K.L.:
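Got a structure here, written out as structure tokens. Questions coming.
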Amino acid sequence: MDTSTRGTWGSRLGFILAATGSAIGLGNIWRYPYVAGQNGGAAFVLMYLACVLAIGIPVLIAELSMGRHTNLNPVGAIKKLSKSRLWPAVGYLGVATGVFILSFYAVVAGWTVAFVFRTLFHSTVSFGDFLADPLSQIGYFALFLGLTLYVVLGGVEKGIERWSKILMPILLIILLGLIAFSLTLPGASSGIEFYLNPDFSKITGSTVLAALGQAFFSLSLGMGTMITYGSYLSKKENVITSAVAVGFTDTLIAVLAGLVIFPALFSAGLEPTQGPGLVFTVLPTIFEQMPAGTIVGVLFFVLLAIAALTSTVSLLEVPVAFLVDQRGWSRAKSVWILSALVFVVGIPSALSLGAVSGLTSMELFGQTSFLNVMNFLFGDVSLPLGGFFLSIFVGWVWTAAKAKEELSIGADSSSTLLLSAWGILLRYVCPVVILIVLGQKLFGF
Ligand code: TRP
């Protein structure tokens, strides 16, 4: 298909901001701090950095190279690079995973909007009661999906890129302001100690597992998001330096989010290990005790909503690009039909945290509640599985040698060394490590 009708990024910064916007989301600001808190703080942070460098960035480069080479969505890209009838299944898995992740991610993202209002109006409704109210859950979910639909409808340059350009810098500024505030709280230093001074005795097998999973989720890898975003990238750009910039910025934002949350947590004498409730249950109580807490709290949840929106946009864009490229649908038709589908698929998730008892108490794969089952299946299992296949596909089927030809377009000569390191990481380290981690998770070996 002609790339000029399909859409490209309007500028280099536009692509970097959009890809960074996809990567930065609830994963960085909500998931990363609680996973770090549960896994020993600073020791986890070190393992996480190692996973981003050794596995995350190589898979990111692999996805971007496939996308830019083929100018296509995940299914189309794989079909173009291999005659095999089996490999496209990995692309279909990615497209479906986009729909399913979006269906519960937008529910959680809806809470961020709700918390802007809860904080602003000092709502006395408990978090539990809020989750159990079907009208709120469906309403905020639908609202967030509507916002996502609106941005994606605008297309690549006028929609995704323009919004990312405005929203991402605002995000960074709000975050820096919050850190400055958080560090002045009494007792903040013990939070810094926990977060930045590693206790190596805390590194265990499960720390590594948690770190790898978090790296995949946070960098938006394993379902073809970065194949799709790479497909709008011009041949003039340096894919390697772009990938490193995206990986670095995403990691920076997560690390900064930790600097907001841990000083505040320790200052208030709260436990870092409490899990997914960290942001939504603890931070509001901290904001309540702080001077100017209403303003700080509102800013924080605005920030979280902004970050989540640029991520939901990238989740929807994958199946949209699939329908536009492979089925010849218009962007508008694809966006509307997919949004309706995501809404229907997401209803049980929205109702599964107290509203409908059957969905709330259901247990499957060691997970409780429909939303957590979806999160496990499509976040924890499907993404690393996709990453495993994609690293084999690019490394051995399309071959790292051909991918390097694509990657050297737009790159400068200093990239040669980086490229050979990349080839080794992608062909050997990524598949082996991911296999071990997934095997651990699923079969306990
Ligand atoms: N990376 C985003 C976050 O951290 C979530 C996300 C967006 C994502 N697109 C993705 C995760 C694709 C996996 C795959 O919140």
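All figures in this text were calculated on a predicted structure; none of them were measured in a lab. All ligand and atom numbering here is 1-based and tracks the order in the structure.
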K.L.:
Would you confirm whether the ring centroid of W87 sits within less than 6.0 angstrom of the ring centroid of Y92?
P.N.:
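Between Y92 and W87, the centre distance exceeds or equals 6.0 Å.
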
K.L.:
Ligand 1 versus T97, non-hydrogen atoms closer than 4.0 Å: side chain, backbone, both, neither?
P.N.:
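It is neither; nothing of T97 touches ligand 1.
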
K.L.:
Output the list of atoms in ligand 1 that are nearer than 4.0 Å to some heavy atom of L26, sorted by atom number.
P.N.:
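Those qualifying, in numeric order: 15 (O).
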
K.L.:
Which of the atoms in ligand 1, numbered in the order shown and given with their element, are less than 4.0 Å from a heavy-atom of S218?
P.N.:
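Per the distance check, 1 (N), 4 (O).
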
K.L.:
Strictly by modelled atom types, are T225 and S22 linked by a side-chain donor-acceptor pair under 3.5 Å?
P.N.:
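Note: T225 and S22 side chains miss the donor-acceptor criterion.
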
K.L.:
Say whether L221, considering both its backbone and side-chain N or O atoms, lies within less than 3.5 Å of an N or O atom on ligand 1.
P.N.:
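There is no such contact.
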
K.L.:
List every atom of ligand 1 that sits less than 4.0 Å from any heavy atom of N28, numbering the atoms from 1 in the order shown and giving each element.
P.N.:
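So the atoms of ligand 1 that pass are 4 (O).
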
K.L.:
Please work out which of Q214, E317, M223 has its closest non-hydrogen atom nearest to atom 14 (C) of ligand 1.
P.N.:
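Considering heavy atoms of Q214, E317, M223, the nearest to atom 14 (C) of ligand 1 sits in M223.
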
K.L.:
Scan side-chain atoms only and decide if T228 and N73 contain a donor-acceptor pair under the 3.5 Å cut-off.
P.N.:
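Note: T228 and N73 side chains miss the donor-acceptor criterion.
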
K.L.:
Using non-hydrogen atoms of the residue, decide whether Y105 is closer than 4.0 angstrom to ligand 1.
P.N.:
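Checking ligand 1 against Y105, which is what was asked, there is a heavy-atom contact under 4.0 Å.
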
K.L.:
Does F393 have its ring centroid less than 6.0 Å away from the ring centroid of W398?
P.N.:
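No; W398 has its ring centre 6.0 Å or more from that of F393.
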
K.L.:
Using the benzene-type ring in the case of Trp, are the ring centres of Y32 and Y48 under 6.0 Å apart?
P.N.:
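Aromatic pair counts; centres sit under 6.0 Å.
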
K.L.:
Determine whether the aromatic ring centres of F343 and F141 lie less than 6.0 Å apart.
P.N.:
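For F343 and F141, the ring centres are under 6.0 Å apart.
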
K.L.:
Closest by any non-hydrogen atom to atom 8 (C) of ligand 1: pick that one out of G21, A308, S220.
P.N.:
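Ranked by closest heavy atom to atom 8 (C) of ligand 1, first place is S220.
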
K.L.:
What's the shortest distance from atom 13 (C) of ligand 1 to any protein heavy atom, and which residue and atom give it?
P.N.:
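Heavy-atom neighbour on the protein nearest atom 13 (C) of ligand 1: L383 CD1, 3.4 Å.
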
K.L.:
So is A23 polar-close to ligand 1, meaning N/O to N/O under 3.5 Å?
P.N.:
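Between A23 and ligand 1 (N or O atoms, distance only) the closest approach is under 3.5 Å.
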
K.L.:
Any nitrogen or oxygen of G27, side chain or backbone, less than 3.5 Å from one on ligand 1?
P.N.:
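Checking ligand 1 against G27, an N or O pair does fall under 3.5 Å apart.
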
